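Heads up, the thing below is written out as structure tokens.
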Amino acid sequence: MTDETTANASDTEGYTPDDDLVEGHDYDGIKEYDNPVPPWLSLIFAGTIIWSGFYVVAINLGYISRYEESLDDGLAELQQLQSQAKEKTPEVTQQMLAKAADSQEAIDAAESAFMGNCANCHGKQGQGLVGPNLTDKYWIHGGSLKDIYKTLQNGVTEKGMPAWGATFDQEQIVNLTAYVRSLQGTDPSGAKKAEGEKFVPGNGSGSSDG
Ligand code: HEC
């Protein structure tokens with residue numbers, strides 16, 4: 001109790017009880033003093049008023065960019081970056097795919113990616129598990145190199161085939177396409193029954209796809 005009294009005494013140091021008391025403001029014994037607002041607070045308050053004046057003038061004269069303008073600038077920058085990125089990765093061509101399919105190096109480069117990401121659904125030999133058999137001539141989504149590339153890139157997410165475009169870069173998907181093609185005719189044991197339509201090389205998609 002004595003402690004509280006001393007604390008109170010030091011809080012109100014410099015005031016005599018009746019100093020600047022606001023008459024009639026007595027709430028359950030809590031009284032209000034008519035103290036001036038601290039100068040720093042007045043300064044901030046005055047500052048906001050002055051700033052609002054500047055702001056109204058500046059935004060109308062175009063010294064401050066409006067939200068819509070900043071947004072337009074940002075969008076233009078984004079579009080530029082996107083078109084730059086597109087230029088850096090040109091669209092995959094038949095030649096790129098055919099070259100990889102003929103290259104043992106490209107096929108080998110994709111092997112560990114296939115084992116780590118595809119084998120759990122398509123089997124280690126591509127014989128098919130949850131996903132279809134990749135070793136036969138029958139394809140649900142087309143058997144040309146371009147078709148396979150597209151299936152890998154975009155996936156068939158509603159049927160459980162993930163889109164790999166987000167995981168692998170273009171070269172890796174080209175190599176995986178070559179790997180899938182290399183499984184053709186390997187005829188592993190326990191292969192899943194064929195699904196889809198027969199793909200005859202050179203007869204589909206209007207390309208000289210061998
Ligand atoms: C989570 C399981 C799963 C994983 C992982 C997976 N796939 Fe698939 N994949 C499927 C399913 C399911 C389909 C069949 C989609 C359909 O029925 O349309 C499919 C279809 C395909 C097809 C098209 C087959 C056809 O007949 O047209 C190819 C090619 C393929 N996957 C390759 C791959 C490769 C390469 C990988 C690894 C990078 C991979 N998949 C990873 C489940 C998977």
Side-chain angles (χ1 to χ4, degrees), residues 71-210:
L71 205 63
D72 286 347
D73 289 351
L75 270 179
E77 203 179 321
L78 186 69
Q79 275 162 0
Q80 202 190 340
L81 283 175
Q82 277 173 340
S83 63
Q84 274 172 6
K86 260 209 181 132
E87 277 165 30
K88 268 196 206 139
T89 11
E91 255 192 63
V92 72
T93 61
Q94 181 61 34
Q95 289 95 300
M96 284 159 77
L97 291 165
K99 199 174 147 214
D102 283 340
S103 152
Q104 191 59 42
E105 214 177 298
I107 294 167
D108 290 347
E111 184 172 0
S112 68
F114 185 89
M115 292 309 166
N117 297 281
C118 321
N120 46 353
C121 287
H122 290 283
K124 275 194 161 65
Q125 285 108 36
Q127 75 274 24
L129 285 170
V130 182
N133 179 353
L134 300 176
T135 66
D136 58 26
K137 292 195 175 76
Y138 291 82
W139 298 88
I140 306 168
H141 299 286
S144 76
L145 290 169
K146 270 220 161 129
D147 290 335
I148 297 170
Y149 179 89
K150 257 194 223 152
T151 309
L152 299 190
Q153 174 77 24
N154 304 325
V156 193
T157 43
E158 68 279 8
K159 294 282 180 60
M161 165 68 179
W164 295 98
T167 311
F168 298 115
D169 65 23
Q170 191 185 62
E171 190 189 349
Q172 288 169 310
I173 296 184
V174 168
N175 292 346
L176 275 165
T177 304
Y179 188 88
V180 169
R181 171 54 67 84
S182 78
L183 299 172
Q184 277 296 292
T186 50
D187 199 16
S189 61
K192 204 173 165 183
K193 76 170 176 45
E195 291 169 81
E197 304 211 350
K198 189 167 181 175
F199 172 74
V200 183
N203 187 23
S205 309
S207 67
S208 57
D209 190 338

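Worth saying up front: this structure is predicted, and the values here are computed from it rather than measured. FYI, the numbering just counts along the sequence from 1. Counting starts at 1 for both ligands and their atoms, following the listed order. What's counted below: heavy atoms across the whole structure, side chains too, no hydrogens, waters or symmetry copies.
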Please name the pair of heavy atoms, one in [X] and one in [Y], separated by the smallest distance, quoted to 0.1 Å.
{"X": "T135", "Y": "G126", "answer": "CG2-O, 3.5 Å"}
{"X": "L183", "Y": "Q125", "answer": "CD2-O, 3.9 Å"}
{"X": "A191", "Y": "N133", "answer": "CB-ND2, 3.5 Å"}
{"X": "L129", "Y": "K192", "answer": "O-NZ, 2.9 Å"}
{"X": "A110", "Y": "Y179", "answer": "CB-CB, 3.9 Å"}

### Query
Of all the atoms in ligand 1, which lie at a distance below 4.0 Å from a heavy atom belonging to V180?
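Contacts of ligand 1 toward V180, numbered from 1: 35 (C).
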### Close-contact set for ligand 1 against N117 heavy atoms, below 4.0 Å
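Once the distances to N117 are compared, the set is 5 (C), 37 (C), 41 (C).
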Which residue and heavy atom of the protein sit nearest [atom], plus the separation:
{"atom": "atom 25 (C) of ligand 1", "value": "I140 N, 3.3 Å"}
{"atom": "atom 15 (C) of ligand 1", "value": "K159 CB, 3.7 Å"}
{"atom": "atom 27 (O) of ligand 1", "value": "H141 N, 2.8 Å"}

Any donor-acceptor pair under 3.5 Å from [X] side chain to [Y] backbone:
{"X": "S103", "Y": "E105", "result": "yes"}
{"X": "Q184", "Y": "D136", "result": "yes"}
{"X": "H122", "Y": "P132", "result": "yes"}

Validation: residues 162-178 side-chain donor-acceptor distances under 3.5 Å, sequence neighbours left out:
residue: W164; atom: NE1; partner: P162; partner atom: O; Å: 3.3
residue: D169; atom: OD1; partner: E171; partner atom: N; Å: 3.2
residue: D169; atom: OD1; partner: Q172; partner atom: N; Å: 2.9
residue: Q170; atom: NE2; partner: P90; partner atom: O; Å: 2.8
residue: Q172; atom: OE1; partner: D169; partner atom: N; Å: 2.9
residue: T177; atom: OG1; partner: I173; partner atom: O; Å: 2.7

### Query
Listing residue and atom name, which protein N/O/S atoms are closer to atom 8 (Fe) of ligand 1 than 2.8 Å?
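Hits for atom 8 (Fe) of ligand 1 below 2.8 Å: H122 NE2, M161 SD.
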### Query
For ligand 1, which part of W139 has a heavy atom less than 4.0 Å away: the side chain, the backbone, both, or neither?
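Within the 4.0 Å criterion, W139 contacts ligand 1 through backbone and side-chain atoms alike.
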